[in-house]
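In what follows, residues are counted from 1 in the order of the sequence shown. Predicted model, so just to flag it, every value in this text is computed and none were measured.
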Amino acid sequence: MPVHTESIEIARPPDEVWALLGEPERWMEGYVETRSRSSGYPGPGTQNDHVFRTRMNENVAARVVSSERPARLEEAHEGRTFSRRLEYRLAPADGGTLLTVHDDITFKGLAKLAGPMAFRDVKRRWTASLERLRAAAEGRP
């Protein structure tokens, strides 16, 4: 199982960054559309079923495993070609937030064959996603 961890500093307080975690359509690279979302997401026991762009557009069931606003969020995602456990940690840092994402992903079926190439894509998407999250939080286009 490949694991990717990446951190970014965002010049906004943790509560504001947390609010954006609940709107992945604004910042997550590959997020196509929301199918259904619980009210109160990303609170405890909520879900965010969505379409995610891989080699195809695939339905992904995302469930909140643990939610400690505004410090920690853990989700389990299940798609056709992958499953993942995502953990977001938010900590105050110099008047802003240090956000660390930990992505433990498993490729399934034929996607296993393309694992190394797919994992490079995962890392690239996280870099782009975190930059988009920072821009959204800081009010930049």
Side-chain angles (χ1 to χ4, degrees), residues 1-140:
M1 291 189 282
V3 175
H4 178 69
T5 301
E6 190 166 343
S7 296
I8 191 167
E9 287 191 27
I10 300 172
R12 304 302 305 158
D15 270 331
E16 291 181 28
V17 176
W18 178 273
L20 281 169
L21 292 180
E23 300 175 17
E25 62 276 8
R26 290 184 59 193
W27 58 270
M28 185 173 276
E29 179 73 23
Y31 193 101
V32 177
E33 69 177 318
T34 301
R35 305 292 260 179
S36 67
R37 180 179 294 154
S38 300
S39 64
Y41 174 79
T46 58
Q47 56 84 27
N48 177 38
D49 296 337
H50 58 279
V51 177
F52 193 78
R53 185 175 51 254
T54 54
R55 293 276 177 210
M56 62 187 160
N57 285 344
E58 69 182 274
N59 293 323
V60 175
R63 305 285 179 261
V64 173
V65 175
S66 177
S67 178
E68 301 164 20
R69 182 185 181 113
R72 187 174 164 276
L73 173 64
E74 187 177 352
E75 295 182 318
H77 292 208
E78 192 68 40
R80 186 170 152 227
T81 62
F82 69 92
S83 62
R84 68 178 5 146
R85 192 75 160 212
L86 287 176
E87 181 182 24
Y88 301 92
R89 289 197 178 264
L90 297 86
D94 296 327
T97 302
L98 175 64
L99 172 67
T100 300
V101 64
H102 182 80
D103 186 355
D104 187 351
I105 190 165
T106 301
F107 300 108
K108 303 189 298 189
L110 293 176
K112 284 182 182 180
L113 299 175
M117 195 166 61
F119 189 60
R120 280 193 301 276
D121 187 54
V122 167
K123 292 192 295 188
R124 180 194 58 77
R125 284 183 184 212
W126 273 120
T127 298
S129 293
L130 293 177
E131 285 299 330
R132 288 173 61 179
L133 179 62
R134 178 172 29 207
E138 294 176 356
R140 294 182 283 121

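Summarising the geometry of D103 relative to R84, their closest heavy-atom pair is OD2-NH2, 2.6 Å, with the distance given to 0.1 Å. The shortest heavy-atom contact between S7 and T100 is OG-OG1, 2.6 Å. Heavy-atom minimum distance, M28 versus F52: SD-CE1, 4.1 Å. Residues V64 and P44 approach most closely at CG1-CA, 4.3 Å, considering heavy atoms. For R55 against M117, the heavy-atom pair with the smallest separation is NH2-CE, 3.9 Å.
For the pair E78 and K108, the minimum side-chain heavy-atom distance is below 4.5 Å. Side-chain atoms of N48 and P42, non-hydrogen and from C-beta on, never get closer than 4.5 Å to each other. Residues T54 and R80 are not in side-chain contact: their nearest non-hydrogen atoms beyond the backbone lie 4.5 Å or more apart. Under the 4.5 Å side-chain criterion, counting only non-hydrogen atoms from C-beta, R125 is in contact with D121. You'll find the side chain of R134 reaches within 4.5 Å of the side chain of R140, heavy atoms only. Under the 4.5 Å side-chain criterion, counting only non-hydrogen atoms from C-beta, L133 is not in contact with I8. Here the side chains of V51 and N59 are in contact, with some heavy-atom distance below 4.5 Å.
With hydrogens and angles disregarded, no donor-acceptor distance shorter than 3.5 Å links the side chain of E75 to the backbone of A62. Side-chain atoms of T34 do not come within 3.5 Å of backbone N or O of S36 as any donor-acceptor pair.
Within the model, atoms NE2 of H4 and CZ of R124 stand 11.5 Å from one another, a figure rounded to the nearest 0.5 Å. If you take CG on L99 and CD on E6, they are separated by 9.5 Å, rounding to the nearest 0.5 Å. One finds the CD atom of E58 at 3.5 Å from the OG1 atom of T81 (value rounded to the nearest 0.5 Å). In this structure, K123 NZ and T5 OG1 are separated by 11.0 Å, a value rounded to the nearest 0.5 Å. Considering OH of Y41 and CG of L73, their distance stands at 6.0 Å, rounded to 0.5 Å. With rounding to the nearest 0.5 angstrom, the CG atom of D49 is 10.0 Å from the CZ atom of R37.
Evaluated for a side chain to side chain donor-acceptor pair (under 3.5 Å) with E74, the options H102, R63, R85 yield exactly one hit, R85.
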Only distances under 3.5 Å count here; give the side-chain donor-acceptor pairs of residues 13-24 to other protein atoms, sequence neighbours excluded, each with its distance to 0.1 Å.
{"from": "E16", "atom 1": "OE1", "to": "R12", "atom 2": "NE", "distance (Å)": "2.8"}
{"from": "E16", "atom 1": "OE1", "to": "R12", "atom 2": "NH2", "distance (Å)": "2.9"}
{"from": "E16", "atom 1": "OE2", "to": "R12", "atom 2": "NH2", "distance (Å)": "3.1"}
{"from": "E23", "atom 1": "OE1", "to": "R26", "atom 2": "NH1", "distance (Å)": "2.9"}

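Aromatic ring orientation, H50 versus Y31: parallel (interplanar angle below 30°, classes split at 30° and 60°).
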